[in-house]
Protein chains: 2
Amino acid sequence: MDDDLYRAIADPTRRAILDELVDRDGQSLFELCSRLIMKHGISSSRQAISQHLEVLEAAGLVVARREGRYKFHWFNGEPLKAITTRWPANAKKR
Amino acid sequence: MDDDLYRAIADPTRRAILDELVDRDGQSLFELCSRLIMKHGISSSRQAISQHLEVLEAAGLVVARREGRYKFHWFNGEPLKAITTRWPANAKKR
DNA sequence: TTGACATGCAAGCCACCGCTTGCCTATACT
DNA sequence: AGTATAGGCAAGCGGTGGCTTGCATGTCAA
């Protein structure tokens with residue numbers, strides 16, 4: 001099902017990656033790594049971030065495109081709609 | 001932070017519990033167990049469901065109250081707002 | 001072409017998570 | 001009182017997830 005979505009946002013590092021991409025869209029892998037260390041205090045290896053990005057891509061939350069020797073990543077929040085449509089976020093009327 | 005929230009909805013069984021409570025609010029533990037088996041094809045033990053409910057309570061997604069020898073559970077979708085306010089779910093304007 | 005740079009691939013390790021099992025407590029019924 | 005019901009507590013096990021490590025691939029610049 002949309003199991004990939006919930007698994008993707010379950011990890012705090014992946015959520016920070018989404019935050020970073022919302023703040024600055026179209027970053028490359030290296031750019032993401034350095035900015036995650038700077039602004040989010042995350043000290044993971046490049047491979048770790050790369051694996052996180054794979055999970056985010058599988059969930060459709062990140063769209064990536066290879067360009068030369070760089071790979072750029074963009075945020076896509078559309079899969080998140082599945083969450084709000086599944087459960088009522090507002091208090092129910094009595 | 002709101003780490004409990006994302007951890008709570010990461011598990012498919014817990015998401016089914018939320019579905020069940022939205023469909024029929026105020027169920028007891030036993031009622032939840034049997035209905036999860038019937039309608040959702042989930043065959044977990046009572047203890048497993050109980051532990052799932054603990055996680056959901058920690059996230060604030062389920063409010064429980066003990067009444068006699070029963071414990072009733074209600075759905076609360078308000079914590080889900082944190083997700084929609086954190087990331088833009090709609091396509092961004094260009 | 002040689003080297004440096006940006007990324008990919010794959011195997012292994014360790015901690016956590018979901019689940020079971022067994023026993024215990026508390027409330028209701030007769 | 002005794003018994004059945006509804007639920008809680010705690011220890012243990014197996015599988016998965018996140019991370020590292022090491023090496024391979026591909027691209028650009030000199």
Side-chain angles (χ1 to χ4, degrees), chain A residues 1-21 24-38 40-59 61-74, chain B residues 1-21 24-38 40-59 61-74:
Chain A
M1 212 68 58
D2 37 23
D3 207 57
D4 293 336
L5 169 65
Y6 297 97
R7 181 181 173 270
I9 61 175
D11 186 83
T13 302
R14 285 195 284 269
R15 294 196 295 271
I17 292 177
L18 294 182
D19 291 336
E20 247 305 307
L21 285 182
R24 187 171 211 268
D25 220 1
Q27 296 191 47
S28 74
L29 177 57
F30 256 66
E31 200 175 351
L32 266 172
C33 286
S34 46
R35 292 190 57 144
L36 283 173
I37 296 176
M38 298 290 140
H40 300 266
I42 294 174
S43 60
S44 294
S45 69
R46 174 185 57 84
Q47 290 84 349
I49 305 298
S50 176
Q51 289 169 6
H52 281 308
L53 286 169
E54 287 182 23
V55 178
L56 290 170
E57 288 184 55
L61 290 169
V62 164
V63 179
R65 190 179 56 189
R66 183 107 194 210
E67 217 163 293
R69 57 175 164 174
Y70 299 97
K71 188 182 182 187
F72 300 104
H73 306 81
W74 290 270
Chain B
M1 212 64 60
D2 37 24
D3 207 56
D4 293 337
L5 168 65
Y6 298 97
R7 181 181 174 270
I9 61 176
D11 186 84
T13 302
R14 284 194 286 267
R15 294 196 295 270
I17 292 178
L18 294 183
D19 291 337
E20 246 305 308
L21 284 182
R24 184 172 213 266
D25 220 1
Q27 295 191 48
S28 73
L29 177 56
F30 258 65
E31 200 175 351
L32 265 172
C33 286
S34 47
R35 293 189 58 145
L36 284 173
I37 296 176
M38 298 290 139
H40 300 265
I42 294 174
S43 61
S44 294
S45 68
R46 173 184 58 86
Q47 290 82 351
I49 305 298
S50 177
Q51 289 168 5
H52 281 307
L53 286 170
E54 288 182 22
V55 178
L56 291 170
E57 289 184 54
L61 290 169
V62 164
V63 179
R65 190 180 56 188
R66 184 108 194 212
E67 216 163 295
R69 57 173 166 174
Y70 300 96
K71 187 183 182 187
F72 299 105
H73 306 80
W74 291 271

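Hydrogens, waters and symmetry mates are skipped; everything else that's a heavy atom, side chains included, is used. Chain identifiers are assigned alphabetically (A, B, ...) following the order of the sequence lines, protein sequences preceding nucleic acid strands; residue numbering begins at 1 within each chain.
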Visitor: In whole angstrom, give the distance that lies between atom CD1 of B/Ile9 and atom P of C/dC17.
Guide: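 That distance rounds to 15 Å.
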
Visitor: Going by the angle between their ring planes, with limits at 30° and 60°, are B/Trp74 and B/Phe72 parallel, tilted or perpendicular?
Guide: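 Geometry flag for B/Phe72 against B/Trp74: tilted rings.
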
Visitor: Atom pairs under 3.5 Å, N or O on each side, protein against nucleotides 1-5 of chain D: can you list them with distances?
Guide:
from  : atom 1 : to      : atom 2 : distance (Å)
D/dT5 : O2     : B/Arg69 : NH1    : 3.4

Visitor: Who pairs with A/Ser34 by side-chain contact (heavy atoms from CB on, under 4.5 Å), at least two apart in sequence or on another chain?
Guide: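 Here no residue qualifies.
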
Visitor: Could you check how far CG of B/Leu53 sits from C1' of C/dC19, rounded to whole Å?
Guide: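 The distance from CG of B/Leu53 to C1' of C/dC19 comes to 15 Å, rounded to the nearest Å.
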
Visitor: Who passes salt bridge (charged side-chain N to carboxylate O under 4.0 Å, His left out) against A/Asp3, sequence neighbours left out?
Guide: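 Salt bridge (charged side-chain N to carboxylate O under 4.0 Å, His left out) list for A/Asp3, sorted by chain: B/Arg15.
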
Visitor: Specify the separation, in whole Å, of atom CD1 of A/Ile49 and atom P of C/dA6.
Guide: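 Result: 16 Å.
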
Visitor: For A/Ala10, which residues count as a side-chain contact (heavy atoms from CB on, under 4.5 Å) partner, sequence neighbours excluded?
Guide: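 Expected list: B/Ala10.
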
Visitor: According to salt bridge (charged side-chain N to carboxylate O under 4.0 Å, His left out), who are the partners of A/Arg69, at least two apart in sequence or on a separate chain?
Guide: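 Applying salt bridge (charged side-chain N to carboxylate O under 4.0 Å, His left out) to A/Arg69 gives none.
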
Visitor: Taking CD from B/Glu57 and C1' from D/dG8, how many angstroms apart are they, rounded to a whole number?
Guide: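 Distance, rounded to whole Å: 12 Å.
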
Visitor: Which residues pass the salt bridge (charged side-chain N to carboxylate O under 4.0 Å, His left out) test with B/Arg46, sequence neighbours left out?
Guide: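 Once residues adjacent in sequence are excluded, B/Arg46 has no partner under the salt bridge (charged side-chain N to carboxylate O under 4.0 Å, His left out) criterion.
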
Visitor: Which residue, A/Thr13 or A/Glu67, contacts DNA chain D at a nucleotide closer to its 5' end, judged by nearest heavy atom?
Guide: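 Its nucleotide being nearer the 5' end, the pick is A/Thr13.
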
Visitor: Starting from the 5' end of DNA chain D, give me the residue, A/Gly68 or A/Ala10, whose nearest nucleotide shows up first.
Guide: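 Nearest-nucleotide comparison on DNA chain D picks A/Ala10.
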
Visitor: Under 3.5 Å, which N/O atoms of the protein pair with N/O atoms of nucleotides 8-10 of chain C?
Guide:
from  : atom 1 : to      : atom 2 : distance (Å)
C/dG8 : OP1    : A/Lys71 : NZ     : 3.3
C/dG8 : OP2    : A/Ser50 : OG     : 3.4
C/dG8 : N7     : A/Arg46 : NH1    : 3.4
C/dG8 : O6     : A/Arg46 : NH2    : 3.2

Visitor: D/dT16 C1' sits how many Å from A/Asp11 CG, rounded?
Guide: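 Whole-Å distance recorded here is 14 Å.
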
Visitor: Compare side-chain N and O positions of A/Arg7 against OP1 and OP2 of D/dG18 and report whether any pair is under 4.0 Å apart.
Guide: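 Answer is yes, contact under 4.0 Å.
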
Visitor: Side chains of residues 49-58 of chain B: which donor-acceptor pairs under 3.5 Å do they make with residues two or more places apart or in other chains?
Guide:
from    : atom 1 : to      : atom 2 : distance (Å)
B/His52 : ND1    : B/Arg14 : NH1    : 3.1
B/Glu57 : OE2    : B/Lys71 : NZ     : 3.1

Visitor: Using whole Å, what does the distance between atom P of nucleotide C/dC17 and atom CG of B/Asp3 come to?
Guide: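 It is 9 Å, rounded to the nearest whole Å.
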
Visitor: Less than 4.0 angstrom between a side-chain N/O of B/Ser45 and OP1 or OP2 of C/dT20, yes or no?
Guide: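 Checking B/Ser45 against C/dT20: at least one side-chain N or O falls below 4.0 Å of OP1 or OP2.
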
Visitor: Can you name the residues that form a salt bridge (charged side-chain N to carboxylate O under 4.0 Å, His left out) with A/Arg35, not counting sequence neighbours?
Guide: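 Listed in chain order: A/Glu20, A/Asp23.
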
Visitor: How many Å lie between CG on A/Leu56 and C1' on D/dG17, as a whole number?
Guide: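 Spelled out: CG on A/Leu56 to C1' on D/dG17 is 14 Å.
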
Visitor: In the structure I gave you, are the side-chain heavy atoms of B/His73 and B/Leu21 within less than 4.5 Å of one another anywhere?
Guide: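 The answer is yes, as the side chains (C-beta and beyond) meet within the 4.5 Å cut-off.
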
